[in-house]
Amino acid sequence: MTAATHSTLFPQVPESADAVLDGLDPEQREVATSLRGPVCVLAGAGTGKTRAITHRIAYGVRAGVLQPSSVLAVTFTNRAAGEMRGRLRQLGAVGVQARTFHSAALRQLQYFWPKAVGGAMPRLADRKIQLVADAAAACRIRLDRGELRDAAAEIEWSKVTQTVPADYASAAAGAGRDTPRDPAEIAQLYAAYEDLKRGRGVIDFEDVLLLTVAVLQDREDVAEQVRAQYQHFVVDEYQDVSPLQQRLLELWLGDREDLCVVGDASQTIYSFTGATPDHLLDFRVRHPGATVVKLVRDYRSTPQVVHLANGLLAQARGRAADHRLELVSQRAAGPEPAYAEYPDEPSEAEGAARRIRELVDSGVPAAQIAVLFRTNSQSETYEQALADAGVPYQLRGAERFFDRPEVRRAGTALRAAARFGGNDSLLDDAVDLPSQVRAVLSGEGWTPLPPAGSGAVRESWESLAALVHLAEDFTAARPGATLADLVAELDERAGAQHAPTVQGVTLASLHSAKGLEWDVVFLVGVAEGMMPITYAKTDEQIEEERRLLYVGVTRAREHLHVSWALSRSPGSRPNRRPSRFLHGLRPGSATAAARPAAGGAGGVERGRWSGATTADAPRRVPRTPARCRVCGRSLTDAGEMKLMRCEDCPSDMDEGVYERLREWRAVQAERSGQPAFCVFTDKTLMAIAESVPEDDRELVRIPGVGARKLTRYGTDVLAICAGQDIAAGQGND
């Protein structure tokens, strides 16, 4: 590990207030030294905004201008708040409160409830969806699972915009919301939901803010006590503040102006939750004397990535676009963004997985690669494609690292080993901290070499391996550190949800990727109907989709791959086209040639990643529609296309072959530590048992087999189809 990496992971606490300012650029330094009055920081993607505001707080504390306990820094996710607390601790600003809006409000509500309201505070509801379902049942409104989520989202929007049930229909119409049901039904459901909560004595997440606002408005003595405690406020991601959060902030402030806000209107992507950039854009109207600092030096991305990001915003319209920031990359030149077009979504996923496999094989860490998509429903195709390619992955938004069972067990084992020290026989031959950690975790399932496959066993191993890597980095930064020191570090990280890096490709929606970055980013599904999404109708909605793509582009440090598919499934009509947002930016589109290039050719090639231009690409051969081999009907369902027949048409499957294939698959799945469907899905096994192929040529034609699985499993499968016995555990990988 390099010295730069050491200092990033475990930096030394600056010796003085002035030392806190070391390494800041002129604009960041201006932010850090502007400690009084209202301050508005307009910070573009990758410009070091978190660095600027944490150094501002730390400089104020170290210089004696700010009292740590009087500062409240507010952001929007527990991860961001944890990262901020960690950075402040590393800068010597211990005691500063860094919380989410909800966390800060809940803490205050719990403290003041007995005084302001009396009695026990209502319990916070665990699952809103169940309450919505019960309210729908009471109203005799039938909702499927998707409609329940949509109805819950409408209730959340209503509450953060301070809309009561009686006003929902008119407010939704005024906001141009595409309601999941008739607005009158949603209003009825919303009212029943509120009645149900009151009857059960529970509150929801939004009530925490609403009730805190109510207490601060109604009880001046409580408001004054809060204002006496917190005298200086910092709000990150200010473009995402809702009207309710803004009202809470105003009540915290009172008539004071010691407020610093940080945001970027071009990254407003949560308006569906009630977020609005108006508070950011109107800040100077509300605070005429505000200090305004613009951060435009992009330290994250290469000039080529920044060029594309600036190009996207240059085409934007609307108020946020009028205040866009033109980023200036501070990095050396890198490769041009690559573009690829595929006949269908499975081909697109296979193409991305193939390219990722090549990158990993060439030495790019899997943890530095991400696949970003518009909707969570796109994830499954890429999970399957990466599993087929033997590439480990992790889902963003899944279970938090320190909540994983294997991590909790590992923490318990490390804590016990630290407590008993030399009395633990596992540590007899361990001469340093990493060796001790490896020895302890070997009892929890860690091995020097990873298991095959990408199922639950591999995911568990990746979690333990992340702890081993952390121990190695920790020791390199702090020679002589003990197991007890590492356990203390893990406890602090768990409290801040500051997880170590898991060595797997990240799969994430564009919304959940906000605030993150990777060396290599694959933006997939960038086609009309998905980007912008079909239900984005108004100009405002279209522009938010553009900003969402901008957020995706600016997650990439160096390599950016953009792709789209011409149809949803194999054999479907190719009626899609690339996203309008790429018009004039990708090579081969209308005005791309006239735009100044930042480097090489860039270009699109159909069916594979390339730097060639469209003119050089091979012509795509149209696929004939898939038809049922029994009745001849066109097939569109993915499962039916694997079988090459309608579900209802008679099957001529060889039951004996099918059962032997299932038994063989179970053995293969156990050997590789992955789910059975990652070997072959049930539909693929049925298709094999129906056609009973005699050679490689016939087997590879079956959807779901493919060249890679043919190489790995072909010999076994053909042997089973020929009636030969396969020894238990035998395989040809």
Peer 1: Could you tell me whether the side chain of Asp298 reaches within less than 4.5 Å of the side chain of Val305, counting heavy atoms only?
Peer 2: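 Not in contact.
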Peer 1: Can you say whether the rings of His561 and His559 are parallel (under 30°), tilted (30 to 60°) or perpendicular (over 60°)?
Peer 2: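 Ring orientation, 0 to 90° scale: parallel.
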Peer 1: Considering non-hydrogen atoms only, spot the tightest contact between Ala105 and Leu209 and give its length.
Peer 2: CB-CD2, 3.7 Å
Peer 1: List the steps, then state whether side chain to side chain contact (heavy atoms under 4.5 Å, CB included) holds for His307 with Glu336.
Peer 2: CA-CA 10 Å; His307 178 73; Glu336 284 289 330; 5.7 Å; no
Peer 1: Nearest 0.5 Å, what's the CD1-CD1 distance between Ile141 and Ile186?
Peer 2: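 Nearest 0.5 Å value for the CD1-CD1 distance: 7.0 Å.
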Peer 1: Whether the side chain of Gln28 engages the backbone of Asp25 through a donor-acceptor N/O pair (distance < 3.5 Å, no angle test) should be reported.
Peer 2: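 Yes, the answer is positive, given that a donor and an acceptor are paired below the 3.5 Å cut-off.
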Peer 1: Check whether any side-chain heavy atom of Ile155 sits under 4.5 Å from a side-chain heavy atom of Lys159, and report yes or no.
Peer 2: yes
Peer 1: Counting C-beta onward and ignoring hydrogens, is there a side-chain heavy-atom pair between Ser579 and Trp564 closer than 4.5 Å?
Peer 2: no
Peer 1: Do you know which of Val262, Ile53, Leu259 makes side-chain contact (heavy atoms from CB on, under 4.5 Å) with Val235?
Peer 2: Leu259
Peer 1: Does the side chain of Pro243 come within less than 4.5 Å of Gln162's, by heavy atoms?
Peer 2: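 With C-beta onward as the side chain, the pair touches.
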Peer 1: What is the minimum heavy-atom distance between Ser103 and Thr100, and which atoms define it?
Peer 2: N-OG1, 2.9 Å
Peer 1: Under 3.5 Å, side chain of His511 to main-chain N/O of Ile269, donor-acceptor pair present?
Peer 2: yes
Peer 1: Taking all atoms of both residues into account, what is the closest heavy-atom pair of Phe76 and Gln245, and its distance?
Peer 2: CE2-OE1, 3.3 Å
Peer 1: Ignoring hydrogens and geometry beyond distance, is a side-chain donor-acceptor pair present between Gln239 and Thr268 at under 3.5 Å?
Peer 2: no
Peer 1: Looking at NE2 of His102 and CG of Leu248, how far apart are the two atoms once the value is rounded to the nearest 0.5 Å?
Peer 2: 9.5 Å
Peer 1: Out of curiosity, Phe373 CZ to Ser509 OG, how far, rounded to the nearest 0.5 Å?
Peer 2: 6.5 Å
Peer 1: Find the distance between CD (Glu544) and CD1 (Ile533) and round it off to the nearest 0.5 Å.
Peer 2: 12.5 Å
Peer 1: Using every non-hydrogen atom in the two residues, find where Ala136 and Leu143 come nearest and quote the distance to one decimal.
Peer 2: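 Smallest interatomic distance, heavy atoms only, reads CB-CD1, 3.9 Å.
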Peer 1: Does Ile356 form a side chain to side chain contact (heavy atoms under 4.5 Å, CB included) with Val371? I'd like the steps, not just the answer.
Peer 2: CA-CA 10 Å; Ile356 290 171; Val371 178; 3.7 Å; yes
Peer 1: Hey, does the side chain of Arg555 reach the backbone of Val551 with a donor-acceptor pair shorter than 3.5 angstrom?
Peer 2: yes
Peer 1: Do NZ/NE/NH1/NH2 and the carboxylate oxygens of Arg319 and Asp278 come within less than 4.0 Å?
Peer 2: yes
Peer 1: Strictly below 4.0 Å, N to O, side chains only: are Arg586 and Glu341 in salt-bridge contact?
Peer 2: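 Glu341 and Arg586: not salt-bridged.
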Peer 1: In terms of side-chain geometry, is the basic nitrogen of Asp264 or Lys49 positioned less than 4.0 Å from the acidic oxygen of its partner?
Peer 2: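 Salt bridge absent between Asp264 and Lys49.
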Peer 1: Could you go through Phe581 and Gln315, starting from their C-alpha distance and side-chain angles, then the distance that decides it, and tell me whether this counts as side chain to side chain contact (heavy atoms under 4.5 Å, CB included)?
Peer 2: CA-CA 8 Å; Phe581 300 144; Gln315 300 178 355; 5.6 Å; no
Peer 1: Are Glu350 and Tyr342 close enough that a side-chain donor and a side-chain acceptor fall under 3.5 Å?
Peer 2: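 Looking only at side-chain atoms, Tyr342 and Glu350 do not form any donor-acceptor pair under 3.5 Å.
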Peer 1: Do any N or O atoms from the side chain of Glu206 and from the backbone of Glu156 form a donor-acceptor pair under 3.5 angstrom?
Peer 2: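 Not confirmed, Glu206 side chain does not pair with Glu156 backbone.
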Peer 1: If we ignore hydrogens and angles and just use 3.5 Å, is the side chain of Asp344 paired with the main-chain N or O of Ser347 as donor and acceptor?
Peer 2: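 Pair found, side chain donor or acceptor close to backbone of Ser347.
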Peer 1: With heavy-atom distances below 4.5 Å as the criterion, would you say the side chains of His583 and Arg577 are in contact?
Peer 2: no
Peer 1: Nearest 0.5 Å please: distance from the OG1 atom of Thr302 over to the CD atom of Gln330.
Peer 2: 12.5 Å
Peer 1: Does the Ser567 side chain pair with the main chain of Pro343, one donor and one acceptor, at a distance under 3.5 Å?
Peer 2: yes
Peer 1: Would you please test Val261 and Val241 for side chain to side chain contact (heavy atoms under 4.5 Å, CB included) and show each step?
Peer 2: CA-CA 11 Å; Val261 300; Val241 167; over 6 Å; no
Peer 1: Might you work through the side chain to side chain donor-acceptor pair (under 3.5 Å) test for Gln246 and Tyr238, ending with a clear yes or no?
Peer 2: CA-CA 9 Å; Gln246 175 64 22; Tyr238 194 54; 2.7 Å; yes
Peer 1: Check whether Glu543 reaches the backbone of Glu540 with its side chain - one donor and one acceptor, N or O, closer than 3.5 Å.
Peer 2: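 Absent.
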Peer 1: To the nearest 0.5 Å, tell me how far Asp182 CG sits from Leu189 CG.
Peer 2: 12.0 Å
Peer 1: Using modelled atom types only, decide if a donor and an acceptor are shared between the side chain of Arg286 and the backbone of His279 within a distance under 3.5 Å.
Peer 2: yes
Peer 1: Where is the tightest heavy-atom contact between Ala556 and Ser301, given as atom of each residue plus distance?
Peer 2: O-OG, 2.6 Å
Peer 1: Can a donor-acceptor pair be found, under 3.5 Å and without considering hydrogens, that links the side chain of Ser266 to the backbone of Arg324?
Peer 2: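 Checking the backbone N and O of Arg324 against the side chain of Ser266, no donor-acceptor pair under 3.5 Å is found.
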Peer 1: Both conditions, 6.0 Å and 45 degrees, for the charged tip of Arg177 above the ring of Trp157: are they met here?
Peer 2: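 That pair qualifies as a cation-pi contact.
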Peer 1: Before accepting this row, confirm whether a basic side-chain N of the pair Arg79/Glu83 lies closer than 4.0 Å to the acidic partner's carboxylate O.
Peer 2: yes
Peer 1: Hey, are Glu545 and Arg374 close enough for a salt bridge, meaning a charged N less than 4.0 Å from a carboxylate O?
Peer 2: yes
Peer 1: With a 4.5 Å limit on heavy-atom distance, are the side chains of Leu42 and His323 in contact?
Peer 2: no
Peer 1: Heavy atoms, side chains only, cut-off 4.5 Å: are Asp204 and Tyr193 in contact?
Peer 2: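 In contact.
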Peer 1: Between Arg297 (side chain only) and Leu295 (backbone N and O only), is there a donor and an acceptor less than 3.5 Å apart?
Peer 2: no
Peer 1: Taking all non-hydrogen atoms of both residues, which atom of Gly552 and which atom of Leu510 are closest, and how far apart?
Peer 2: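 Taking every non-hydrogen atom into account, CA-CD2, 3.6 Å.
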Peer 1: What side-chain donor-acceptor pairs closer than 3.5 Å can you find for residues 514-529, not counting sequence neighbours?
Peer 2:
unit_1: Lys514; atom_1: NZ; unit_2: Glu237; atom_2: OE1; d: 2.9
unit_1: Lys514; atom_1: NZ; unit_2: Glu237; atom_2: OE2; d: 3.2
unit_1: Glu517; atom_1: OE1; unit_2: Arg300; atom_2: NE; d: 3.0
unit_1: Glu517; atom_1: OE1; unit_2: Arg300; atom_2: NH2; d: 3.4
unit_1: Glu517; atom_1: OE2; unit_2: Arg557; atom_2: NE; d: 2.9
unit_1: Glu517; atom_1: OE2; unit_2: Arg557; atom_2: NH2; d: 3.4
unit_1: Trp518; atom_1: NE1; unit_2: Thr506; atom_2: OG1; d: 3.4
unit_1: Asp519; atom_1: OD1; unit_2: Arg557; atom_2: NH1; d: 2.7
unit_1: Glu528; atom_1: OE1; unit_2: Arg580; atom_2: NE; d: 3.2
unit_1: Glu528; atom_1: OE1; unit_2: Arg580; atom_2: NH2; d: 2.7
unit_1: Glu528; atom_1: OE2; unit_2: Arg580; atom_2: N; d: 2.6
unit_1: Glu528; atom_1: OE2; unit_2: Arg580; atom_2: NE; d: 3.1

